[in-house]
Amino acid sequence: MENRCIICGKKLHDPYAIYCAECEYEIKRVRLEDEESLEDYIERMRSIQQKEVNLEGVKSLDFWLTD
């Protein structure tokens, strides 16, 4: 199983990391009044993130419910 950033979904190489370098920088940096807030940044990154699920080899619910 691969480890991904919880904000933007980028693949992480460190198994103990929860943010990518870009998102970690955005979390830590000081923001000016005319810049987007951290909450807006997180919302924007999550909306950009494409959720792709690979269901190949996953058994259907009917398989588990039949005797």
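What you see below is based on every heavy atom in this structure, not just the backbone, and it leaves out hydrogens, waters and symmetry mates.
Distance CD1/Ile42 to CD1/Ile6: 8.0 Å, rounded to 0.5 Å.
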Side-chain polar contacts of residues 14-25 - donor-acceptor pairs under 3.5 angstrom, sequence neighbours left out - could you list them?
residue	atom	partner	partner atom	Å
Asp14	OD1	Tyr16	N	3.0
Glu22	OE1	Lys10	NZ	2.7
Glu24	OE2	Lys28	NZ	3.0

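In this structure, the side chain to side chain contact (heavy atoms under 4.5 Å, CB included) partners of Arg4, at least two apart in sequence or on a different chain, are Glu2, Lys11. Under the rule for a salt bridge (Lys or Arg N to Asp or Glu O under 4.0 Å), the partners of Glu36 that lie at least two apart in sequence or sit in another chain are Arg44. Contacts of Leu32 classified as side chain to side chain contact (heavy atoms under 4.5 Å, CB included), with partners at least two apart in sequence or in another chain: Asp34, Glu35.
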- request: Could you give me the CA-CA distance, side-chain angles and deciding distance for Arg31 and Glu26, then say whether side-chain contact (heavy atoms from CB on, under 4.5 Å) is met?
  value: CA-CA 9 Å; Arg31 297 186 181 284; Glu26 288 292 330; 3.1 Å; yes

